[in-house]
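Report on one structure; see the data block that follows.
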Amino acid sequence: MKYRIAIFLFMITLTTSAQQKQTWEDIWQETITPEDMEEMEDSWEDYHERMQQLADHPIDLNHTNREDLEQLPFLSAQQVMGIMEYLDRYGPMRSMNELKMVRSLDYRQIALLPFFVYVGEVNQEAPRFPSLQNITKYGKHTVTVTGNIPFYERKGDQNGYLGYHYRHTLRYAFTYSNYVKIGIIGAQDAGEPFLANQNNTGYDTYSYYIQLRKLGHLENAVIGKYKIGAGMGLILNTSFQLGKLATLQNMGRQTNTLRAHSSRSESDYFQGAAAVIRLSKPLTLTTFASYRPVDATLNDDGTAKTIITNGYHRTKEEMKKKHNTHLSALGGSIGYRLNGLHLGANIVYSGIDRTLCPDTKTAYRRYYPQGDNFLNASLDYGYTHYRFSVGGETAVNKAGALATINALSFQPSSNLSLVAIQRFYSYRYNGLYAHGFGNSSRTQNESGLYLGLSWTPLARLHLQGYADYAYSPYPRYQVSKPSHTWDMLLQSTLQWRKWNLQVRHRTRLQQKDDNNKMLIPCNEHRSRLSITHSSDAGWTAKTQADYVYSVYKEMSQGWMISQQTGYQQDTWQASLSMGYFDTDSYAARIYLYERQLQHEFTFPSFYGNGLRLALYAHVSLNDHLRLATRLGYTNYFDRSSIGTGLQEIAQSYTTDLDIQLRWKF
């Protein structure tokens, strides 16, 4: 039976021969690997939201500056410099085709940029901060309502969850170009009470913000909830962290833009006020203050055992932990940038109203953050040349433990770029808001070296690859002794007319404890082959095959073949995704990208034996209203129930319907 399904999907590919114009998500998802998704799940959701914001408010290339272009996280420092030098040398651009003349841009950046930049009127005056009258008269309002309807019940829906099993979000945003943004988001997860229990104000969580940009010396300011970063993330990075494959695109450059927190995520944000002030042409000051509630698991003496970041408040126990602890933070940065040189000094102080006391009896938790106040400081530095860039950050915490990261990128020609990233994070180093580049989400207990290459040996052939070695001298989760990890990837992309062929293989060699706490290999190999065909007729066709081979205590393998087909016209679009999977266990799970509703982000994984179907469609009802829907169906052939605990579903299949209505006026 399973082979018939696989053959059926392959035959669909052969009979479908065109593709719609790609979206930025179609191109962007090619830079994501399953391991990146798992290690930085919250970060990727925020990354997706940030990219959507940038796509909604593209940058005018003829009236831009370096700071604007640095908001685009897929551009390297050399590419930002290359675009600015082209504009300085040749004047305003007449069309987007001129981007091909910027030699530092490769095909992927050229494919992505049209979604985030445009060429404005050449003779138009440089824009200024608008008057209040123009803001109120010409500002745009957007209201977005999104709901998820599951056609099944979980065990907790019958007895255990405080709310109904629907998930919904309400968004309001007011924008005036890139100068003014005002918004509020209310979000509700399935099982959480609405207008009841501790949620008597409606939604379980709210995010709100007012953001102003380019107001004289005030370059950027946010009141409300916001994200911010400094240096390379060793003491402050509540924005997002790129995966290892995506790092090849921006060649190790860190994006540190102050921005509003406009996603439904309940982790890694500040609440209060922050500002970036231009003191002089080369000198900027960034300062912020925050006070926000967090969830925590408490010890018997009332101290905080762990800070919880998942944001779930579905049961009585989860609701008891809601906002039972508060974090305060105060910090700032001063930066100097001139002629490619940049220097910065950063400091962050944070306090907690309950003493943080993790279970240090477990070896890998011994150096987790402890106490009721924390202090981190760092220096960041770098120099950018059109051929190369060097940069880094060195930080210390209150205990004097050291963390440092240094990156070197080199572009000897327009078709070859190299990047090397060295890091050392002491096992005694910690920071509440630290998210540096590395092998895990913790900026701690790791030293390593990352080498990456991006090469276009032929006009239509693009090769990318990296090798990353990491050593941990102190125990980690499921690793009781010093250990090392090798992570290697090679990807090739061939473009020929309307065809795109991509092959990827990733090998991850780790060490983990066996039953006797002796280190044994934990190795994983993941391969992917995808074929995409495109035309101007409005159709889409993409076939993808995935294979996983995993060894840890026992061998496990699995495969999946999937097909995506769609059609697009000016006012509507529809796509169908189908996949058949067959894996031995969860260790061989396979991730599949599917078209999403705006502001929504999921990257589902599948294991066992089953079939996945997803249908997406949206239609513009008029110039102001857009209706979008997504229907997902999963059928497992090897089980009679799905999930465990309160999430258990007493059947072998699930069906979910997502509906979104967006009103612009």
- Query: Side chains of Glu98 and Tyr86: is there a donor and an acceptor less than 3.5 Å apart?
  - Reply: yes
- So, do Phe116 and Phe74 have ring centers that fall under 6.0 Å from each other? yes
- Message: Against Asp546, only a single residue in Arg506, Arg589, Arg526, Arg528 fulfils salt bridge (Lys or Arg N to Asp or Glu O under 4.0 Å); can you say which?
- Response: Arg528
- Message: Just by distance, no angles: are the side chains of Ser389 and Ser409 close enough, under 3.5 Å, to form a donor-acceptor pair?
- Response: yes
- Is there a donor-acceptor contact under 3.5 Å from the side chain of Thr583 to the main chain of Gly608? yes
- Task: Could you tell me whether Trp486 and Tyr469 have their ring centroids closer than 6.0 angstrom?
- Result: yes
- Message: Quick one about His525 and Ser527 (side-chain donor to acceptor, distance below 3.5 Å, no hydrogens or angles considered), yes or no?
- Response: no
- Task: Report yes if some heavy atom in the side chain of His57 is under 4.5 Å from a heavy atom in the side chain of Thr175; otherwise report no.
- Result: yes
- Message: Would you say Ser640 and Ser652 are linked by a side-chain donor-acceptor pair, where the criterion is simply a distance under 3.5 Å?
- Response: no
- Centroid-to-centroid, Tyr450 to Tyr466, below 6.0 Å? yes
- Query: Quick one: do the His435 and Asp268 side chains pair a donor with an acceptor below 3.5 Å?
  - Reply: yes
- Task: Could you tell me whether the side chains of Thr493 and Gln502 share a donor-acceptor contact shorter than 3.5 Å?
- Result: yes
- Query: Do any N or O atoms from the side chain of Ser534 and from the backbone of Lys498 form a donor-acceptor pair under 3.5 angstrom?
  - Reply: yes
- Using the six-membered ring of Tyr607, assess whether NZ or CZ of Arg639 lies under 6.0 Å from its centre and within 45 degrees of the ring axis. yes
- Query: Are the aromatic rings of Phe581 and Phe637 close, with centres under 6.0 Å apart?
  - Reply: no
- Message: Tell me if the centroids of the rings in His624 and Trp663 come within less than 6.0 Å of each other.
- Response: no
- Looking at Ser104 and Gly82, what are the two nearest heavy atoms and their distance? OG-CA, 4.2 Å
